[in-house]
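Below is one structure, written out as C-alpha coordinates, with a few remarks after it.
Labels below follow one simple rule: chain letters A, B, ... track the order of the sequence lines, proteins then strands, and each chain is numbered from 1.
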Protein chains: 2
Amino acid sequence: MKLKSMDISATASASSIVFDALRKAIIEGQLEEGEPLRQDEIARLFNTSRIPVREAISRLEEQGLVKTQRYKGAVVAGLSPQETEEIFDLRALVEPEIIRNAVPKMSKEDLALAREKCAAFSASPDPMTWGDLNRDFHETLHGASDLKFFLEIAHNAIDRVERQIRAQLVMSNGMERAGREHFGILEACENGDAELAAKLTRDHIQGAKKSLLAHLSVK
Amino acid sequence: MKLKSMDISATASASSIVFDALRKAIIEGQLEEGEPLRQDEIARLFNTSRIPVREAISRLEEQGLVKTQRYKGAVVAGLSPQETEEIFDLRALVEPEIIRNAVPKMSKEDLALAREKCAAFSASPDPMTWGDLNRDFHETLHGASDLKFFLEIAHNAIDRVERQIRAQLVMSNGMERAGREHFGILEACENGDAELAAKLTRDHIQGAKKSLLAHLSVK
DNA sequence: ATAACCTAAATTGGATCCAATATTCAATAA
DNA sequence: TTATTGAATATTGGATCCAATTTAGGTTAT
(Lines give C-alpha, C1' and ligand atoms only; values in the text may rest on other atoms or scores of the structure.)
Protein backbone atom coordinates (compact mmCIF):
# COMPACT_ATOMS: atom_id res chain seq x y z
CA MET A 1 0.00 0.00 0.00
CA LYS A 2 1.02 3.52 -0.72
CA LEU A 3 1.63 5.99 2.05
CA LYS A 4 -0.14 9.32 1.92
CA SER A 5 2.19 12.02 0.68
CA MET A 6 2.50 14.52 3.44
CA ASP A 7 4.22 17.86 3.44
CA ILE A 8 6.69 17.25 6.22
CA SER A 9 9.12 19.75 4.77
CA ALA A 10 7.81 23.11 5.97
CA THR A 11 11.34 23.86 7.15
CA ALA A 12 11.80 27.24 5.59
CA SER A 13 15.14 28.33 4.20
CA ALA A 14 17.36 30.48 6.37
CA SER A 15 17.02 33.44 4.04
CA SER A 16 13.23 33.31 4.29
CA ILE A 17 13.37 33.22 8.05
CA VAL A 18 15.67 36.23 8.12
CA PHE A 19 13.54 37.98 5.52
CA ASP A 20 10.32 37.51 7.50
CA ALA A 21 11.92 38.55 10.77
CA LEU A 22 13.49 41.69 9.37
CA ARG A 23 10.34 42.59 7.52
CA LYS A 24 8.29 42.27 10.68
CA ALA A 25 10.79 44.27 12.70
CA ILE A 26 10.82 47.07 10.15
CA ILE A 27 7.06 47.22 9.73
CA GLU A 28 6.41 47.21 13.44
CA GLY A 29 8.94 49.95 13.97
CA GLN A 30 11.35 47.93 16.10
CA LEU A 31 13.99 48.99 13.61
CA GLU A 32 13.91 52.70 13.17
CA GLU A 33 13.98 54.55 9.89
CA GLY A 34 17.54 55.13 8.73
CA GLU A 35 18.93 52.46 11.01
CA PRO A 36 21.72 50.54 9.26
CA LEU A 37 21.35 46.78 8.82
CA ARG A 38 24.74 45.21 9.42
CA GLN A 39 24.98 41.86 7.66
CA ASP A 40 27.41 40.43 10.14
CA GLU A 41 25.38 41.43 13.16
CA ILE A 42 22.15 40.03 11.70
CA ALA A 43 23.92 36.82 10.68
CA ARG A 44 25.09 36.34 14.26
CA LEU A 45 21.59 36.99 15.58
CA PHE A 46 20.19 34.21 13.42
CA ASN A 47 23.14 31.84 13.67
CA THR A 48 23.75 31.86 9.95
CA SER A 49 26.30 33.24 7.57
CA ARG A 50 25.91 36.53 5.75
CA ILE A 51 24.72 34.85 2.55
CA PRO A 52 21.09 34.36 3.55
CA VAL A 53 21.12 37.77 5.20
CA ARG A 54 22.18 39.39 1.97
CA GLU A 55 19.47 37.57 0.09
CA ALA A 56 16.89 38.73 2.63
CA ILE A 57 18.10 42.32 2.38
CA SER A 58 17.99 42.28 -1.40
CA ARG A 59 14.41 41.04 -1.26
CA LEU A 60 13.50 43.73 1.25
CA GLU A 61 15.01 46.32 -1.03
CA GLU A 62 12.89 45.01 -3.90
CA GLN A 63 9.88 45.66 -1.66
CA GLY A 64 11.05 49.16 -0.88
CA LEU A 65 11.50 48.52 2.83
CA VAL A 66 15.25 49.13 2.85
CA LYS A 67 17.67 51.07 0.71
CA THR A 68 21.21 49.90 0.04
CA GLN A 69 24.34 51.56 -1.25
CA ARG A 70 27.22 49.58 -2.68
CA TYR A 71 29.86 48.94 -0.04
CA LYS A 72 27.92 51.10 2.41
CA GLY A 73 25.16 48.76 3.29
CA ALA A 74 21.44 48.86 3.87
CA VAL A 75 19.33 51.16 5.98
CA VAL A 76 15.66 50.99 6.87
CA ALA A 77 13.82 53.07 4.29
CA GLY A 78 11.83 56.08 5.34
CA LEU A 79 9.17 58.06 3.54
CA SER A 80 8.94 61.78 2.90
CA PRO A 81 5.55 63.40 3.55
CA GLN A 82 5.00 63.46 -0.21
CA GLU A 83 5.77 59.78 -0.50
CA THR A 84 3.52 59.01 2.43
CA GLU A 85 0.74 60.92 0.78
CA GLU A 86 1.22 59.05 -2.46
CA ILE A 87 1.07 55.68 -0.74
CA PHE A 88 -2.19 56.63 0.91
CA ASP A 89 -3.54 57.77 -2.46
CA LEU A 90 -2.53 54.43 -3.89
CA ARG A 91 -4.32 52.62 -1.10
CA ALA A 92 -7.36 54.82 -1.62
CA LEU A 93 -7.40 53.72 -5.25
CA VAL A 94 -6.75 50.00 -4.81
CA GLU A 95 -8.40 48.96 -1.56
CA PRO A 96 -11.92 50.07 -2.49
CA GLU A 97 -11.64 47.82 -5.54
CA ILE A 98 -10.63 44.94 -3.33
CA ILE A 99 -13.61 45.50 -1.05
CA ARG A 100 -15.97 45.91 -3.99
CA ASN A 101 -14.75 42.58 -5.30
CA ALA A 102 -14.87 40.90 -1.89
CA VAL A 103 -18.33 41.89 -0.69
CA PRO A 104 -20.35 39.52 -2.89
CA LYS A 105 -17.98 36.70 -1.97
CA MET A 106 -18.17 37.11 1.80
CA SER A 107 -19.64 34.16 3.64
CA LYS A 108 -21.56 34.32 6.94
CA GLU A 109 -18.39 33.10 8.61
CA ASP A 110 -16.25 35.78 6.99
CA LEU A 111 -18.63 38.45 8.21
CA ALA A 112 -18.85 37.00 11.70
CA LEU A 113 -15.09 36.96 11.91
CA ALA A 114 -14.86 40.50 10.63
CA ARG A 115 -17.39 41.65 13.23
CA GLU A 116 -15.29 39.96 15.88
CA LYS A 117 -12.11 41.67 14.70
CA CYS A 118 -13.91 44.96 14.45
CA ALA A 119 -15.14 44.68 18.02
CA ALA A 120 -11.75 43.55 19.26
CA PHE A 121 -10.15 46.60 17.69
CA SER A 122 -12.57 49.05 19.22
CA ALA A 123 -12.44 47.37 22.59
CA SER A 124 -8.69 47.21 22.98
CA PRO A 125 -7.33 49.56 25.64
CA ASP A 126 -3.66 48.91 24.76
CA PRO A 127 -2.22 51.23 22.10
CA MET A 128 0.53 48.71 21.44
CA THR A 129 -2.01 46.30 19.95
CA TRP A 130 -3.97 48.80 17.86
CA GLY A 131 -1.78 48.45 14.79
CA ASP A 132 -2.10 44.69 14.69
CA LEU A 133 -5.81 44.69 15.40
CA ASN A 134 -6.44 47.30 12.74
CA ARG A 135 -4.50 45.23 10.25
CA ASP A 136 -6.39 42.14 11.33
CA PHE A 137 -9.74 43.73 10.61
CA HIS A 138 -8.78 45.01 7.18
CA GLU A 139 -7.13 41.77 6.16
CA THR A 140 -10.19 39.82 7.19
CA LEU A 141 -12.34 41.92 4.88
CA HIS A 142 -9.78 41.65 2.09
CA GLY A 143 -9.57 37.91 2.55
CA ALA A 144 -12.75 37.14 0.64
CA SER A 145 -11.39 38.87 -2.45
CA ASP A 146 -9.61 36.79 -5.05
CA LEU A 147 -7.71 39.69 -6.59
CA LYS A 148 -4.27 38.43 -5.71
CA PHE A 149 -2.26 41.18 -7.37
CA PHE A 150 -4.45 43.91 -5.94
CA LEU A 151 -3.98 42.33 -2.52
CA GLU A 152 -0.24 42.08 -3.01
CA ILE A 153 -0.04 45.76 -3.82
CA ALA A 154 -2.34 46.83 -1.03
CA HIS A 155 -0.43 44.85 1.54
CA ASN A 156 2.90 46.12 0.35
CA ALA A 157 1.57 49.66 0.47
CA ILE A 158 0.22 49.12 3.96
CA ASP A 159 3.56 47.66 5.05
CA ARG A 160 5.35 50.76 3.91
CA VAL A 161 3.13 53.08 5.93
CA GLU A 162 2.38 50.77 8.83
CA ARG A 163 4.39 52.93 11.20
CA GLN A 164 2.45 56.01 10.13
CA ILE A 165 -0.81 54.14 10.49
CA ARG A 166 0.09 53.24 14.04
CA ALA A 167 1.02 56.83 14.74
CA GLN A 168 -2.25 58.00 13.25
CA LEU A 169 -4.23 55.66 15.48
CA VAL A 170 -2.77 57.09 18.66
CA MET A 171 -3.34 60.65 17.51
CA SER A 172 -6.26 62.55 18.94
CA ASN A 173 -9.45 60.97 17.66
CA GLY A 174 -7.52 58.57 15.44
CA MET A 175 -8.55 55.44 17.26
CA GLU A 176 -12.10 56.54 17.89
CA ARG A 177 -12.68 57.57 14.30
CA ALA A 178 -11.12 54.43 12.90
CA GLY A 179 -13.42 52.35 15.09
CA ARG A 180 -16.48 54.21 13.91
CA GLU A 181 -15.47 53.95 10.28
CA HIS A 182 -14.72 50.26 10.61
CA PHE A 183 -18.26 49.64 11.83
CA GLY A 184 -19.61 51.58 8.89
CA ILE A 185 -17.61 49.56 6.39
CA LEU A 186 -18.57 46.32 8.10
CA GLU A 187 -22.24 47.20 8.04
CA ALA A 188 -22.11 47.95 4.33
CA CYS A 189 -20.48 44.57 3.78
CA GLU A 190 -23.13 42.83 5.85
CA ASN A 191 -25.81 44.53 3.78
CA GLY A 192 -24.11 43.38 0.62
CA ASP A 193 -23.70 46.98 -0.50
CA ALA A 194 -20.36 46.70 -2.29
CA GLU A 195 -20.55 50.21 -3.68
CA LEU A 196 -21.03 51.79 -0.28
CA ALA A 197 -18.37 49.60 1.32
CA ALA A 198 -15.93 50.68 -1.38
CA LYS A 199 -16.79 54.34 -0.91
CA LEU A 200 -16.44 54.14 2.86
CA THR A 201 -13.11 52.38 2.47
CA ARG A 202 -11.87 55.17 0.27
CA ASP A 203 -13.09 57.77 2.75
CA HIS A 204 -11.47 55.85 5.59
CA ILE A 205 -8.09 55.92 3.89
CA GLN A 206 -8.34 59.50 2.68
CA GLY A 207 -9.39 60.58 6.16
CA ALA A 208 -6.43 58.88 7.73
CA LYS A 209 -4.17 60.48 5.17
CA LYS A 210 -5.48 63.95 5.88
CA SER A 211 -5.18 63.71 9.62
CA LEU A 212 -1.72 62.25 9.27
CA LEU A 213 -0.51 64.97 6.89
CA ALA A 214 -1.97 67.69 9.08
CA HIS A 215 0.01 66.26 11.93
CA LEU A 216 3.21 66.02 9.84
CA SER A 217 3.02 69.62 8.70
CA VAL A 218 2.54 70.83 12.27
CA LYS A 219 5.60 69.05 13.56
CA MET B 1 43.20 71.09 -3.78
CA LYS B 2 40.44 68.61 -3.46
CA LEU B 3 39.43 66.51 -6.41
CA LYS B 4 35.86 66.78 -7.52
CA SER B 5 33.89 63.83 -6.33
CA MET B 6 32.79 62.27 -9.53
CA ASP B 7 30.68 59.25 -10.03
CA ILE B 8 33.27 57.19 -11.82
CA SER B 9 31.87 54.12 -10.22
CA ALA B 10 28.89 53.36 -12.39
CA THR B 11 30.29 49.87 -12.38
CA ALA B 12 27.20 48.08 -11.29
CA SER B 13 27.42 45.04 -9.07
CA ALA B 14 27.44 41.66 -10.73
CA SER B 15 24.10 40.76 -9.24
CA SER B 16 22.50 43.87 -10.72
CA ILE B 17 23.90 43.12 -14.13
CA VAL B 18 22.55 39.59 -13.98
CA PHE B 19 19.25 40.85 -12.63
CA ASP B 20 18.79 43.36 -15.44
CA ALA B 21 19.79 40.90 -18.11
CA LEU B 22 17.51 38.15 -16.89
CA ARG B 23 14.66 40.57 -16.40
CA LYS B 24 15.03 41.84 -19.94
CA ALA B 25 15.25 38.34 -21.35
CA ILE B 26 12.12 37.25 -19.51
CA ILE B 27 10.09 40.32 -20.41
CA GLU B 28 11.04 40.16 -24.06
CA GLY B 29 10.18 36.51 -24.22
CA GLN B 30 13.66 35.24 -24.99
CA LEU B 31 13.22 32.98 -22.02
CA GLU B 32 9.99 31.09 -22.32
CA GLU B 33 7.42 30.65 -19.62
CA GLY B 34 8.24 27.61 -17.47
CA GLU B 35 11.85 27.53 -18.61
CA PRO B 36 14.14 26.65 -15.72
CA LEU B 37 16.88 29.07 -14.72
CA ARG B 38 19.97 27.05 -13.84
CA GLN B 39 22.21 29.00 -11.51
CA ASP B 40 25.37 27.33 -12.72
CA GLU B 41 24.61 27.89 -16.37
CA ILE B 42 23.73 31.55 -15.84
CA ALA B 43 26.83 32.05 -13.71
CA ARG B 44 28.99 30.70 -16.52
CA LEU B 45 27.26 32.95 -19.04
CA PHE B 46 28.13 36.03 -17.00
CA ASN B 47 31.54 34.88 -15.80
CA THR B 48 30.54 35.04 -12.16
CA SER B 49 29.83 32.64 -9.37
CA ARG B 50 26.36 31.50 -8.43
CA ILE B 51 26.08 33.97 -5.56
CA PRO B 52 25.11 37.03 -7.61
CA VAL B 53 22.91 34.83 -9.76
CA ARG B 54 20.99 33.69 -6.73
CA GLU B 55 20.56 37.23 -5.55
CA ALA B 56 19.26 38.23 -8.97
CA ILE B 57 16.82 35.33 -9.02
CA SER B 58 15.52 36.14 -5.56
CA ARG B 59 14.89 39.71 -6.63
CA LEU B 60 13.12 38.52 -9.77
CA GLU B 61 10.94 36.30 -7.64
CA GLU B 62 10.05 39.27 -5.45
CA GLN B 63 8.85 40.96 -8.65
CA GLY B 64 6.82 37.94 -9.63
CA LEU B 65 8.80 37.24 -12.78
CA VAL B 66 10.08 33.84 -11.66
CA LYS B 67 8.92 31.20 -9.24
CA THR B 68 11.30 29.06 -7.23
CA GLN B 69 10.97 25.85 -5.30
CA ARG B 70 13.47 24.84 -2.67
CA TYR B 71 16.16 22.56 -4.12
CA LYS B 72 14.32 22.53 -7.43
CA GLY B 73 15.22 25.92 -8.70
CA ALA B 74 13.54 28.76 -10.50
CA VAL B 75 11.40 28.83 -13.58
CA VAL B 76 10.10 31.76 -15.59
CA ALA B 77 6.67 32.60 -14.21
CA GLY B 78 3.63 32.37 -16.39
CA LEU B 79 0.15 33.80 -15.98
CA SER B 80 -3.21 32.07 -16.15
CA PRO B 81 -5.90 33.82 -18.19
CA GLN B 82 -7.48 34.94 -14.89
CA GLU B 83 -4.20 36.37 -13.69
CA THR B 84 -3.65 38.09 -17.02
CA GLU B 85 -7.09 39.61 -16.78
CA GLU B 86 -6.40 40.85 -13.27
CA ILE B 87 -3.15 42.48 -14.28
CA PHE B 88 -4.92 44.32 -17.07
CA ASP B 89 -7.61 45.43 -14.62
CA LEU B 90 -4.89 46.71 -12.34
CA ARG B 91 -3.31 48.63 -15.18
CA ALA B 92 -6.72 50.02 -16.12
CA LEU B 93 -7.04 51.32 -12.58
CA VAL B 94 -3.56 52.74 -12.07
CA GLU B 95 -2.41 54.05 -15.44
CA PRO B 96 -5.27 56.49 -15.97
CA GLU B 97 -4.33 58.07 -12.64
CA ILE B 98 -0.75 58.40 -13.81
CA ILE B 99 -1.86 60.10 -17.01
CA ARG B 100 -4.30 62.35 -15.16
CA ASN B 101 -1.44 63.43 -12.93
CA ALA B 102 1.02 63.79 -15.79
CA VAL B 103 -1.02 65.86 -18.25
CA PRO B 104 -0.77 69.22 -16.45
CA LYS B 105 2.95 68.65 -15.98
CA MET B 106 3.79 67.90 -19.62
CA SER B 107 6.13 70.37 -21.26
CA LYS B 108 6.20 71.22 -24.95
CA GLU B 109 9.25 69.02 -25.21
CA ASP B 110 7.52 66.11 -23.50
CA LEU B 111 4.64 66.34 -25.93
CA ALA B 112 6.90 66.68 -28.94
CA LEU B 113 8.78 63.58 -27.86
CA ALA B 114 5.56 61.70 -27.27
CA ARG B 115 4.31 62.64 -30.73
CA GLU B 116 7.56 61.38 -32.15
CA LYS B 117 7.28 58.06 -30.33
CA CYS B 118 3.67 57.77 -31.31
CA ALA B 119 4.50 58.27 -34.97
CA ALA B 120 7.45 55.89 -34.76
CA PHE B 121 5.19 53.21 -33.36
CA SER B 122 2.55 53.56 -36.04
CA ALA B 123 5.14 53.75 -38.80
CA SER B 124 7.16 50.71 -37.87
CA PRO B 125 6.79 47.84 -40.30
CA ASP B 126 8.73 45.35 -38.15
CA PRO B 127 6.64 43.40 -35.65
CA MET B 128 9.75 42.65 -33.63
CA THR B 129 10.01 46.31 -32.66
CA TRP B 130 6.35 46.95 -31.86
CA GLY B 131 6.62 45.90 -28.24
CA ASP B 132 9.52 48.24 -27.53
CA LEU B 133 8.00 51.14 -29.44
CA ASN B 134 4.68 50.71 -27.68
CA ARG B 135 6.47 50.72 -24.34
CA ASP B 136 8.45 53.76 -25.40
CA PHE B 137 5.33 55.74 -26.14
CA HIS B 138 3.59 54.90 -22.91
CA GLU B 139 6.66 55.51 -20.81
CA THR B 140 7.16 58.89 -22.41
CA LEU B 141 3.66 59.92 -21.39
CA HIS B 142 4.15 58.49 -17.91
CA GLY B 143 7.46 60.29 -17.56
CA ALA B 144 5.93 63.65 -16.71
CA SER B 145 4.13 62.18 -13.73
CA ASP B 146 5.78 62.36 -10.36
CA LEU B 147 3.80 59.50 -8.84
CA LYS B 148 6.74 57.21 -8.27
CA PHE B 149 4.88 54.39 -6.57
CA PHE B 150 2.10 54.41 -9.14
CA LEU B 151 4.76 54.26 -11.83
CA GLU B 152 6.56 51.45 -10.08
CA ILE B 153 3.38 49.40 -9.95
CA ALA B 154 2.36 50.17 -13.49
CA HIS B 155 5.74 49.23 -14.87
CA ASN B 156 5.88 46.04 -12.89
CA ALA B 157 2.39 45.15 -14.10
CA ILE B 158 3.38 45.91 -17.68
CA ASP B 159 6.50 43.79 -17.31
CA ARG B 160 4.44 40.84 -16.23
CA VAL B 161 2.19 41.00 -19.27
CA GLU B 162 4.69 42.36 -21.77
CA ARG B 163 4.67 39.09 -23.69
CA GLN B 164 0.89 39.18 -23.92
CA ILE B 165 0.99 42.80 -25.01
CA ARG B 166 3.35 41.90 -27.81
CA ALA B 167 1.10 39.05 -28.83
CA GLN B 168 -1.90 41.35 -28.76
CA LEU B 169 -0.17 43.83 -31.05
CA VAL B 170 0.43 41.27 -33.78
CA MET B 171 -3.14 40.00 -33.56
CA SER B 172 -5.57 41.07 -36.23
CA ASN B 173 -6.21 44.78 -35.80
CA GLY B 174 -4.09 44.92 -32.66
CA MET B 175 -1.42 47.15 -34.08
CA GLU B 176 -3.77 49.32 -36.06
CA ARG B 177 -6.10 49.90 -33.15
CA ALA B 178 -3.27 50.60 -30.74
CA GLY B 179 -1.91 53.21 -33.13
CA ARG B 180 -5.27 54.90 -33.41
CA GLU B 181 -5.81 54.89 -29.68
CA HIS B 182 -2.33 56.24 -29.04
CA PHE B 183 -3.10 59.23 -31.23
CA GLY B 184 -6.30 59.82 -29.33
CA ILE B 185 -4.55 59.76 -25.99
CA LEU B 186 -1.77 61.99 -27.27
CA GLU B 187 -4.25 64.52 -28.62
CA ALA B 188 -6.06 64.70 -25.30
CA CYS B 189 -2.70 65.32 -23.60
CA GLU B 190 -1.84 68.05 -26.08
CA ASN B 191 -5.21 69.69 -25.38
CA GLY B 192 -4.53 69.52 -21.68
CA ASP B 193 -7.64 67.41 -21.19
CA ALA B 194 -6.43 65.18 -18.37
CA GLU B 195 -9.86 63.68 -17.81
CA LEU B 196 -10.23 62.57 -21.40
CA ALA B 197 -6.65 61.31 -21.56
CA ALA B 198 -7.29 59.22 -18.46
CA LYS B 199 -10.52 57.83 -19.86
CA LEU B 200 -8.93 56.96 -23.20
CA THR B 201 -6.07 55.29 -21.39
CA ARG B 202 -8.50 53.15 -19.45
CA ASP B 203 -10.36 52.26 -22.64
CA HIS B 204 -7.08 51.47 -24.36
CA ILE B 205 -6.12 48.99 -21.67
CA GLN B 206 -9.56 47.45 -21.31
CA GLY B 207 -9.77 47.08 -25.07
CA ALA B 208 -6.45 45.31 -25.21
CA LYS B 209 -7.57 43.06 -22.38
CA LYS B 210 -10.76 42.08 -24.14
CA SER B 211 -9.18 41.28 -27.45
CA LEU B 212 -6.47 39.32 -25.68
CA LEU B 213 -8.90 37.28 -23.59
CA ALA B 214 -11.08 36.57 -26.61
CA HIS B 215 -8.03 35.20 -28.32
CA LEU B 216 -7.03 33.13 -25.29
CA SER B 217 -10.44 31.51 -24.94
CA VAL B 218 -10.47 30.58 -28.64
CA LYS B 219 -7.14 28.85 -28.48
C1' DA C 1 44.73 74.44 16.28
C1' DT C 2 43.42 72.73 11.88
C1' DA C 3 43.41 70.47 7.71
C1' DA C 4 45.45 67.03 4.68
C1' DC C 5 47.06 62.43 4.62
C1' DC C 6 47.99 57.88 5.53
C1' DT C 7 47.24 53.48 7.75
C1' DA C 8 44.18 50.11 10.20
C1' DA C 9 39.70 48.43 11.11
C1' DA C 10 35.11 47.61 9.50
C1' DT C 11 32.06 46.41 6.01
C1' DT C 12 30.33 44.80 1.78
C1' DG C 13 30.55 41.94 -2.82
C1' DG C 14 32.01 37.81 -4.73
C1' DA C 15 34.49 33.04 -5.26
C1' DT C 16 35.09 28.59 -3.75
C1' DC C 17 33.95 24.77 -1.12
C1' DC C 18 30.65 21.67 1.44
C1' DA C 19 26.01 19.79 2.76
C1' DA C 20 21.23 18.76 1.67
C1' DT C 21 17.97 17.50 -1.60
C1' DA C 22 16.24 16.22 -6.10
C1' DT C 23 16.64 13.80 -10.46
C1' DT C 24 18.19 10.25 -13.55
C1' DC C 25 18.99 5.86 -14.95
C1' DA C 26 20.73 1.28 -14.68
C1' DA C 27 20.07 -3.02 -12.06
C1' DT C 28 16.79 -6.09 -10.00
C1' DA C 29 12.60 -8.50 -8.70
C1' DA C 30 7.76 -9.56 -9.59
C1' DT D 1 7.80 -6.68 -19.61
C1' DT D 2 7.12 -3.48 -15.94
C1' DA D 3 7.49 -1.51 -11.52
C1' DT D 4 10.84 -0.76 -7.73
C1' DT D 5 15.14 0.11 -5.77
C1' DG D 6 19.32 2.36 -5.18
C1' DA D 7 23.51 4.48 -6.55
C1' DA D 8 25.50 8.26 -9.46
C1' DT D 9 24.75 12.82 -11.04
C1' DA D 10 22.83 17.37 -10.99
C1' DT D 11 21.28 21.17 -8.55
C1' DT D 12 20.34 24.18 -4.87
C1' DG D 13 21.25 26.40 0.02
C1' DG D 14 24.70 27.80 3.06
C1' DA D 15 29.57 28.47 5.25
C1' DT D 16 34.01 30.15 4.89
C1' DC D 17 37.46 32.70 2.78
C1' DC D 18 39.32 36.58 -0.12
C1' DA D 19 39.14 41.11 -2.58
C1' DA D 20 37.40 45.80 -3.03
C1' DT D 21 35.83 49.79 -0.82
C1' DT D 22 34.53 52.70 2.86
C1' DT D 23 35.17 54.59 7.46
C1' DA D 24 37.72 55.88 11.59
C1' DG D 25 41.64 57.42 14.01
C1' DG D 26 46.00 58.99 14.49
C1' DT D 27 50.07 61.63 12.48
C1' DT D 28 52.20 65.37 10.38
C1' DA D 29 52.79 69.73 8.08
C1' DT D 30 51.25 74.38 7.92
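At whole-Å resolution of the value, CD in A:E41 and P in C:dA10 are 14 Å apart.
B:W130 and B:F121 get closest at one heavy-atom pair: O-CE1, 3.6 Å.
Side-chain N/O atoms of A:R160 and A:Q63 include no donor and acceptor closer than 3.5 Å.
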Using a 4.0 Å cut-off on protein heavy atoms (strictly under), produce a 5'-to-3' string for nucleotides 12-22 of chain D with B for base contact, S for backbone-only sugar-phosphate contact, and - for none.
BBBBB---BSS
Check the pair B:E83, A:K148 against salt bridge (Lys or Arg N to Asp or Glu O under 4.0 Å), reporting the backbone distance first and the verdict last.
CA-CA 8 Å; B:E83 290 172 328; A:K148 52 185 272 196; 2.5 Å; yes
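Remark: A:R115 CZ to A:H182 NE2 distance equals 13.5 Å, nearest 0.5 Å.
Every side-chain contact (heavy atoms from CB on, under 4.5 Å) that A:A102 has, sequence neighbours left out, goes to A:M106, A:A144, A:S145.
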